Visitor: 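Structure below; questions to follow.
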Protein chains: 2
Amino acid sequence: MRIGEVARQAGVSVRALRYYEEQDLLQAERSSGGQRQYPDSAVDRVHLIQQLFAAGLPSRSVREVLRCVYSGTVSPGLLDQLESERARISGRINELLAARDRLDGVIATTRNPPPECTHAQALDGPALSAAPSSTHRPAPRTTDR
Amino acid sequence: MRIGEVARQAGVSVRALRYYEEQDLLQAERSSGGQRQYPDSAVDRVHLIQQLFAAGLPSRSVREVLRCVYSGTVSPGLLDQLESERARISGRINELLAARDRLDGVIATTRNPPPECTHAQALDGPALSAAPSSTHRPAPRTTDR
DNA sequence: CTAAAACCTGACGTTGGCGTGAGGTGCAAG
DNA sequence: CTTGCACCTCACGCCAACGTCAGGTTTTAG
């Protein structure tokens with residue numbers, strides 16, 4: 001399989017695949033003419049890479065995870081690193097949930113403005129239902145299992 | 001209130017506050033000597049800005065949201081834009097949930113490697129329980145309400 | 001055999017939210 | 001007055017995952 005086909009099947013750009021090789025995330029054989037040759041499994045591997053990138057892992061971490069998954073060897077300290085990555089992801093999810101709730105408040109306010117805003121404009125504080133609380137959110141619902 | 005105090009209370013850098021002004025997200029009066037003067041409400045406003053940035057909104061969108069929230073005026077098309085931002089956030093959350101599940105699979109495999117990997121190394125496909133499916137994930141649980 | 005895809009290797013550009021000096025000013029205290 | 005800290009305005013640096021152009025080679029279709 002050549003690079004263009006892998007790119008199509010995996011839904012990424014050719015440039016991305018070359019970048020993955022440069023970052024040592026995805027190896028390829030070379031044909032006599034110097035062109036990259038991939039096994040079919042490369043497509044799945046690229047999917048995994050994409051998901052890990054989507055999770056916000058840096059390429060260094062992705063590299064280690066890939067080594068672990070595809071070789072069965074466990075480098076020391078990797079587990080701790082994975083756990084901390086997991087924690088970061090959970091934290092990020094909670095951030096996004098909070099932000100989405102906040103945005104929902106704004107949307108609701110926008111959709112039907114409350115009477116207190118119909119006549120009074122340019123309040124110097126946010127008196128809308130989007131309600132920025134003074135110090136700290138109560139951390140409504142978490143997602144950490 | 002001067003810039004350093006706002007920065008401390010809001011937990012951001014002075015540089016960030018100046019950047020917000022440059023991006024027209026946070027205005028400030030100036031003292032006779034040219035120093036920025038903020039009302040107390042600026043701290044909450046900065047919190048809101050931070051949350052919107054955390055949600056991945058670009059500064060242009062943040063600017064519009066702020067105008068809406070703090071003035072009560074609804075610019076045309078803003079609602080659609082907010083909805084699409086919300087959708088993006090939800091999509092991002094689902095990506096992260098999927099990635100976290102994937103990572104959990106890797107972690108489980110790492111913690112106690114399955115027998116099939118104890119003797120066979122260098123499988124050309126991922127036969128581990130992290131299990132990259134061939135084409136498309138079934139989109140397990142969504143978070144869009 | 002030839003033209004057109006598809007591929008190759010550099011190498012520079014992009015994007016955003018700031019970090020980080022450099023070099024100068026405002027302001028309250030001693 | 002002068003020390004010293006907080007503040008000011010440029011303006012370049014950064015990081016990551018590629019996009020993109022340039023200029024040349026390999027492979028494939030006819």
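Naming convention: chains lettered A, B, ... in sequence-line order (proteins, then strands); numbering from 1 in each chain. As the structure is a prediction and not an experimental result, all values here were calculated from the model.
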Visitor: Is the closest side-chain heavy-atom distance between A/Y38 and A/L17 below 4.5 Å?
Guide: yes

Visitor: Under the salt bridge (Lys or Arg N to Asp or Glu O under 4.0 Å) rule, collect the residues that match up with A/E83, sequence neighbours excluded.
Guide: B/R111

Visitor: Chain A on DNA chain D: first and last contacting nucleotide, 5' to 3', under 4.0 Å to a heavy atom?
Guide: D/dA17 to D/dT27

Visitor: Looking only at heavy atoms, what is the nearest atom pair of B/Y20 and B/Q50, with distance?
Guide: OH-OE1, 2.5 Å

Visitor: For B/R36, answer base if it contacts any base atom (sugar-phosphate contacts may also be present), sugar-phosphate if it contacts only those atoms, and nothing otherwise; contact means non-hydrogen atoms under 4.0 Å.
Guide: sugar-phosphate

Visitor: Show the nearest heavy-atom pair for residues A/E21 and A/A28, with the distance to one decimal.
Guide: OE1-CB, 3.9 Å

Visitor: Using a 4.0 Å heavy-atom cut-off to protein, can you give one letter per nucleotide of nucleotides 11-30 of chain C, 5' to 3': B if the base is in contact, S if only the sugar-phosphate is, - if neither?
Guide: B-----BBBB-----SS---

Visitor: What is the distance, rounded to the nearest whole Å, between atom CD of A/E21 and atom C1' of C/dT9?
Guide: 12 Å

Visitor: Can you name the side chain to side chain donor-acceptor pair (under 3.5 Å) partners of B/R63, sequence neighbours left out?
Guide: none

Visitor: Under the salt bridge (Lys or Arg N to Asp or Glu O under 4.0 Å) rule, what pairs show up with a residue in residues 2-12 of chain B, not counting sequence neighbours?
Guide: B/E5-B/R8

Visitor: Which heavy atom of B/A10 sits nearest to which heavy atom of B/H47, and what is that distance?
Guide: O-NE2, 3.9 Å

Visitor: Among all residues two or more places apart in sequence or in another chain, which pass the side-chain contact (heavy atoms from CB on, under 4.5 Å) test with B/R92?
Guide: A/A54, A/L96, B/E95, B/L96

